[in-house]
Amino acid sequence: MTLYFLDFVLFAIGIYALVAKRHIVKKILGVAIMEYSVNLFLILIGFKKAGVAPILTKDMDLVTFIKTAVDPLPQALVLTSIVIGLGTLALMVSIAIRLYERYGTFDMHEINRLRG
Amino acid sequence: MDVRLPLFVVTPIFGAIIILLVGKWDKKIFPRVWSIITMAFLLLLIFLTWNKGTLLHFMGGWEPPYGIVLVEDSLSLLILLIINVVGFLSIVFSYSYILRYEDYLRFFSMFLLMIAGMNGVAIAGDLFNLYVFLEIASIASYALVGYGVGPEELEASFKYLILGVLASTLILFGIAIIYAATGSVSMADVARFLINNPGNRAVLLASGFFLMGFSLKAGLVPFHAWLPDAHPAAPAPISAMLSGVLIKVLGIYAMIRVFYHVIGITPMVSQIFIGMGGLSMVVGALMGFGQDDMKRLFAFSSISQMGYVMIGIGLGTPLGIFGALFHLLNHAGYKSLLFLSSGAIERETRTRKLSELGGLREKMPVTSAASVVGSLSISGVPPFNGFWSKLIILLAAFQSRNFLVAGIVVFTAFLTLTYYLRFQKNAIFGSVSEKVKGAHEAPIPMVMPLVIFAIFCLLIGVFNHTIISGIIIPAGQILLDRAGYIMSVLGGV
Amino acid sequence: MDKHTGMTPIVKMITEVLCGLMLVFGAFIVLYGHITPGGGFPGGVMIALVYILITLAYGRVIVERKVSGIIASVVDDIGALIFWSVGMIGLFVGGSYLFNFLGKGSPFHILSAGTIIINNIAITLKVGMCLYAIFLALAILQRVVIDEPKEEEE
């Protein structure tokens with residue numbers, strides 16, 4: 001339970017960095033922290049202490065298999081979400097570089113031609 | 001088991017890849033022609049799967065609830081129809097519009113990726129694939145919003161990106177919690193589990209995450225900061241796609257699919273829907289008043305019109321749902337028309353400011369006529385389609401004795417009429433201004449989609465009964481019938 | 001001229017030794033991805049890292065002479081096309097997208113698990129070249145932006 005709680009704290013730190021920080025790179029880091037906290041959460045769901053790989057072999061009965069095998073689905077989900085996070089991050093960084101070239105600053109408060 | 005369903009997703013993806021590949025040799029003609037062919041093929045595919053009941057496809061031959069399943073029911077069909085018709089006409093419009101940019105390849109490639117993602121959202125049968133397709137469509141749209149790479153475009157794109165990523169992460173967190181609570185991500189399986197085991201507290205937390213995430217994607221009022229910036233910054237066909245399709249599919253459709261079919265609607269969530277809808281309607285309409293930028297005005301009116309849809313859905317009665325879905329269809333028609341016409345006007349006059357426009361009626365007669373039709377539709381003038389859906393939502397509000405909501409609906413309709421009259425008076429009618437003097441009618445590929453959209457607006461308005469009984473009511477019935485959805489996906493499993 | 005670009009000889013020497021090993025290990029991760037932990041994505045990342053390491057150590061010019069951004073982008077597209085084709089063949093043969101139309105073989109052998117190994121290789125091409133292209137794009141983006149005129153709209 002502590003682990004889940006700490007994971008929520010990590011998520012909150014990510015949101016804080018995303019919302020409250022003015023520096024673009026810090027905002028990007030916030031996004032990364034937030035994404036990884038969700039990935040961590042997914043991994044925690046599938047985690048079992050001293051678990052085994054979820055492959056059902058012939059010399060293993062179903063009851064012990066269910067008790068000891070880790071859940072493989074969250075791992076697949078995490079892999080997919082990491083790839084998606086990579087794509088988003090690359091796009092974000094490239095937009096940040098271009099923004100710097102246009103405005104000459106990384107401060108989000110000075111990049112304010114639009115009113116929102 | 002239907003072999004045609006994956007084609008909705010993989011054909012545009014193939015188009016996106018092949019455009020990048022062949023585009024190394026032919027940069028100008030091939031991307032434009034191939035994307036039109038792809039969209040025409042998708043329209044043919046919709047025609048082939050029209051009204052065949054609920055179609056299923058098991059990816060890789062793995063059956064639900066363990067495998068990935070694609071579902072096309074009447075609700076998906078309505079959404080697919082909106083996506084692909086608007087997408088096709090926007091791509092035809094882009095054929096000439098794209099000439100103002102240098103790079104054609106990535107525009108059409110990302111456009112097709114966005115279509116693929118949205119088609120995927122419409123037919124996804126499990127929550128995680130919903131998220132993946134949602135991200136494909138979102139990432140393509142972030143890049144497309146910043147396509148002009150000017151300072152304002154980049155700023156809008158970055159703002160949209162930050163809030164969009166926040167929304168996606170919240171949605172993923174919701175999915176993770178749902179998985180932890182139920183042990184499945186298949187929508188039908190989760191729904192069956194939640195019906196058999198009610199009163200799960202974790203689902204409440206997940207509902208909160210979903211509500212925030214999808215509202216951010218839909219641009220409803222407490223979460224609307226990105227929308228009025230992103231819409232004007234994007235190229236006109238992309239604004240049409242964003243406002244006409246993207247916020248509906250990624251926001252509204254995903255939200256109603258998750259809340260009605262997977263989690264199950266509760267009175268509290270309905271109240272939140274109505275609250276956000278009412279707020280969006282009034283705030284969007286009031287903000288629309290002071291705008292000088294034509295596309296900003298349309299963007300705020302999009303927020304306001306999405307409020308109507310949310311109110312219809314939040315009322316929860318069959319009449320409300322039918323009105324909401326009908327309004328979804330109508331709004332896709334006239335808002336895309338308005339954004340495309342603003343693109344044509346901007347191309348000819350080099351300005352979007354209402355104060356600098358005037359007398360377009362004389363210089364660009366067809367565009368102006370189409371734009372007038374769009375404005376009349378969105379303001380709810382009787383022969384056109386907007387009137388009927390607003391009327392149905394109003395009747396639904398009266399029927400369920402929500403008189404305050406009914407009052408807000410009428411009030412917003414008046415506001416909408418007022419600011420669209422202002423738009424008409426400043427831009428289309430009046431004396432010819434300095435900037436408009438050199439304008440001519442836009443080329444045929446740009447005018448044709450406008451005319452087709454205008455004809456749609458009129459025809460849907462005149463033959464509203466046929467449309468409602470043919471498309472809207474089956475879709476609404478699917479939405480209301482949670483047990484039927486579970487049965488049709490899982491069968492007897 | 002090549003001797004004077006990039007980092008110090010120590011870094012270049014270590015890179016020279018490491019690159020082959022990394023490439024082989026990446027290929028191993030890909031080809032055994034269906035029976036041991038690994039697969040197209042981790043293997044592709046390793047292969048991309050080889051190119052990125054050479055770029056960092058020797059400078060961009062040397063690498064771009066071998067694998068330019070355009071080649072990376074073409075290989076990237078080809079990888080995606082292979083994956084698409086495997087899925088479509090499955091659709092025509094077995095009636096469902098990504099249907100496993102090859103024989104499944106016996107477990108724990110290299111030629112088993114049907115189409116997974118082809119898909120792994122396709123993903124490797126896609127991921128490896130895509131990451132390398134992203135790296136190149138981010139590295140040269142600054143130069144491109146400076147070359148452009150500041151206000152090119154209208």
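Naming: A, B, ... by sequence-line order, numbering from 1 per chain. Everything numeric in this text was worked out from a predicted model, so none of it was measured.
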Practice prompt. Evaluate the side-chain proximity of Ile33(A) to Leu18(A): yes if any heavy-atom separation is below 4.5 Å, no if none is.
Written response: no
Item to complete: Quickly, which of Leu98(C), Ile78(C), Ile118(C), Asn120(C) forms a side-chain contact (heavy atoms from CB on, under 4.5 Å) with Phe83(C)? Name it, please.
Response: Leu98(C)
Item to complete: Only one of Val75(C), Asp76(C), Leu131(C), Ile82(C) passes side-chain contact (heavy atoms from CB on, under 4.5 Å) with Lys126(C); say which it is.
Response: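 When side-chain contact (heavy atoms from CB on, under 4.5 Å) is applied between Lys126(C) and each of Val75(C), Asp76(C), Leu131(C), Ile82(C), only Asp76(C) qualifies.
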Worksheet item: Atom OG in Ser73(C), atom CG in Leu136(C): separation rounded to 0.5 Å?
Response: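 Rounded to the nearest 0.5 Å, the OG-CG separation comes to 11.0 Å.
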Worksheet item: Which pairs count as side chain to side chain donor-acceptor pair (under 3.5 Å) when at least one residue sits in residues 15-31 of chain C, sequence neighbours excluded?
Response: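 Sorted pair list: Glu16(C)-Tyr58(C).
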Worksheet item: With distance as the sole test, does Lys27(A) use its side chain to make a donor-acceptor pair with the main-chain N or O of Lys21(A) at under 3.5 Å?
Response: yes
Discussion item. So if I take each residue of residues 83-92 of chain A and look for any heavy atom under 4.5 Å from a heavy atom in chain C, which residues do I end up with?
Written reply: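 From residues 83-92 of chain A, the residues near chain C are Val83(A), Leu86(A), Ala90(A).
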